[in-house]
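Note that these values count all heavy atoms, side chains included, but never hydrogens, waters or copies made by symmetry. The model shown is predicted, which means the values in this text are computed figures rather than measured ones.
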Amino acid sequence: MTPNPLTLDDRAAGCLVGAAVGDALGGPVEGWSPDQIVERHGGRVHGIVGPWYEDWRTARPIAPYHKGDGHVTDDTLMTHALVRVYEAVRDHLDAYAIAEHLVPDLMTNPRWIPELEAEALPLQRVFLAEKWIVTRLHYAHADPREAGNGNIVNCGAAMYMAPVGIVNAGNPAGAYAEALDVAGAHQSSYGREAAGVFAAAVAAACVPGATADSVVDTAVSVAKDGTRAAIEAVRDVARGCRDFESALGPLREAVAPYDSVGPDYRTPSLGARRPSRLHSIEELPIALGMLLIADGAYEGSVLGAVNYGRDCDSTATMAGALSGALNGLAAVPEAWAKQVAEASRLDLHAPAAALTAVAREVFTRDRSRRRAHEAAFTEIATSP
């Protein structure tokens, strides 16, 4: 029997739920190396674990967050915020939509923040690179298309671009272009590029018959400069690895020449996070590498990203989104999703359902716009 093809609804749910679960699994070990993770947990992480520090409220004053125990981080908070922007606009987004909708949402609407275990403004939880959006767009009145210039160049924009891929499901080029426009309000250089490539990869994962290889090949085809070189380098190494355990060191070696942060994630190099045509964020190439090694399977992709360490909540968010879009909701372990939803006090399925409805509306508008264009072009291009 031929299995039923995955629907848009199933892929969107797999993508967003898969991203949130990956985020929650990676959060408690973010910033550490594979060896440190093994020492702390007595082996590799194979599921939801508790905080790194038992005294998490005071261990790091700059980040008094309860990471672990199934709590999602700012990756998921920003992803869901972008879904709400799509719900408001109900069409393709651009940088102005970020200024007009995302910024007020971050600033004025208190929500349950799992890591704070309290209701608060999302602005009070997001990282400095995301606070930049509010600073530049609300207070500095910057041109939304250029507001990302000058910000820390990191994965901040890429980490929440999965919804752009779902709205453009099956159209990687469209997802790439839209994400670049949206991310212009937030990031520049290879941080903005990664946002476009990740959205394109999600859109490619939704193509019927897609595989991990086809998703990565699509990412390479749209990527530019250091981002493309980093993905190619990681891809070449990943294809020779049998499992994530054997890949942890080789993948780091492959991406290191393109990563500006340096070997010690918690002590970035002097050249870290500055614009460059030669560099790439680390998280997206590694997520794609883990997807290849696991042949697209959810648990292998996400656990590989988690145990890689460093910025592993974002890496696992991306790996989870890609595998979820590729395989559908059933690929995400139900027990993990249930625990994350309950611990984070979030409905992980509602954003996907809302986004799917918007995606269908946008496709209908796109088809009408395309037909109008075809009619106009045919009339003016037909020889007399």
Could you check whether any side-chain N or O of His186 sits under 3.5 Å from a backbone N or O of Ala129, counting only pairs where one atom can act as donor and the other as acceptor? yes

Leu346 and Met78: same hydrophobic cluster, using ILVMFWY side-chain contacts below 4.5 Å? no

Consider only side-chain heavy atoms of I, L, V, M, F, W and Y, link residues closer than 4.5 Å, and tell whether Ile281 and Val255 are in one cluster. no

Over all atoms of both residues, closest heavy-atom pair of Ala162 and Leu16: CB-CD2, 4.3 Å

Quick test of your reading of the model: are Arg239 and Asp217 salt-bridged, counting only N-O distances below 4.0 Å? yes

Under 3.5 Å donor-acceptor, Asp74 side chain and Leu77 backbone: no

If you draw a 6.0 Å radius around NZ in Lys224, do more than 12 non-hydrogen atoms from other residues or ligands fall strictly inside? yes

Can a donor-acceptor pair be found, under 3.5 Å and without considering hydrogens, that links the side chain of Asp23 to the backbone of Thr73? yes

First locate atom CG of Asp225, then atom CD of Glu193, and finally report the distance between them rounded to the nearest 0.5 Å. 7.0 Å

Could you pull out the closest heavy-atom pair between Ala179 and Gly196, with the gap in Å? CB-CA, 3.7 Å

Checking Thr378 side chain against Ala375 main chain: does a donor-acceptor pair fall under 3.5 Å? no

Kindly compute the distance separating CG (Leu123) from OG1 (Thr108), expressed to the nearest 0.5 Å. 10.0 Å

Can you hop from Val29 to Met318 via hydrophobic side chains spaced under 4.5 Å? no

Distance check, rounded to the nearest 0.5 Å: His101 atom NE2 versus Glu87 atom CD? 12.0 Å

Return yes when atom CZ of Arg369 has more than 12 non-hydrogen atoms of other residues, nucleotides or ligands closer than 6.0 Å, and no otherwise. yes

Flag the pair Arg235 / Leu292 as yes when at least one side-chain heavy-atom distance between them is below 4.5 Å, and no otherwise. yes

Check: Gly296 main-chain N/O paired with Asn327 side-chain donor or acceptor under 3.5 Å: yes

Under a 4.0 Å threshold between the charged nitrogen and the carboxylate oxygen, would Glu282 count as salt-bridged to Arg252? yes

Quick check: are there more than 12 heavy atoms from other residues, nucleotides or ligands sitting under 6.0 Å from CZ of Arg365? yes

Mind checking the CG-CG spacing from Asp213 to Leu288? Nearest 0.5 Å is all I need. 11.5 Å

Using atom types as modelled and distance alone, determine if a side-chain donor or acceptor of Trp132 lies under 3.5 Å from a backbone N or O of Ala147. yes

Would you check if the side chain of Ser344 reaches a backbone N or O of Gly70 as a donor-acceptor pair within less than 3.5 Å? yes

Geometric class of the His373/Phe377 ring pair [parallel <30°, tilted 30-60°, perpendicular >60°]: perpendicular

Has Ser323 got a side-chain atom pairing as donor or acceptor with Ala319's backbone, closer than 3.5 angstrom? no

Side chains of Gln187 and Asn154: donor-acceptor distance under 3.5 Å anywhere? yes

Within 6.0 angstrom of Gln36 CD, more than 12 heavy atoms from elsewhere: yes

Tell me, yes or no, whether the heavy-atom count around Glu379 atom CD, taken from other residues, nucleotides or ligands under 6.0 Å, exceeds 12. no

Do the side chain of Tyr96 and the main chain of Arg145 share a donor and acceptor less than 3.5 angstrom apart? no

Against Trp56, only a single residue in Glu115, His66, Lys67 fulfils side chain to side chain contact (heavy atoms under 4.5 Å, CB included); can you say which? His66

Nearest 0.5 angstrom please: Arg11 CZ to Leu6 CG, how far? 4.5 Å

For the residue pair Ala200 and Thr218, what are the closest heavy atoms and their distance? O-CG2, 4.3 Å

According to the interplanar angle, ranging from 0 to 90°, do the rings of Phe244 and His46 count as parallel (below 30°), tilted (30 to 60°) or perpendicular (above 60°)? tilted

Hydrophobic cluster identity match, Leu348 and Tyr160, side-chain contacts under 4.5 Å: no

Trp52 vs Trp32 aromatic rings, parallel, tilted or perpendicular, using cut-offs 30° and 60°? parallel

Picking from Asp259, Leu251, Val197, Ile231, what satisfies side chain to side chain contact (heavy atoms under 4.5 Å, CB included) with Pro285? Ile231

Which atoms form the tightest heavy-atom contact between Gly31 and Tyr265, and what is the distance? CA-CD2, 3.6 Å

Separation between CZ (Arg192) and CG (Asn149), nearest 0.5 Å, reads 7.5 Å

Taking atom types as modelled, find out whether Ser33 and Asp35 have a side-chain donor-acceptor pair closer than 3.5 angstrom. no

Should the heavy atoms of other residues, nucleotides or ligands under 6.0 Å from CD1 of Ile380 be counted, would the total exceed 12? yes

Find out if a path of hydrophobic residues (ILVMFWY) with successive side-chain heavy-atom gaps under 4.5 Å connects Ile133 to Val83. yes

If only atom types and distance count, is the side chain of Thr227 paired as donor or acceptor with the main-chain N or O of Ser280 below 3.5 Å? no

Whether Arg57 and Glu117 form a salt bridge (side-chain N of Lys/Arg under 4.0 Å from carboxylate O of Asp/Glu) is what I want to check. yes

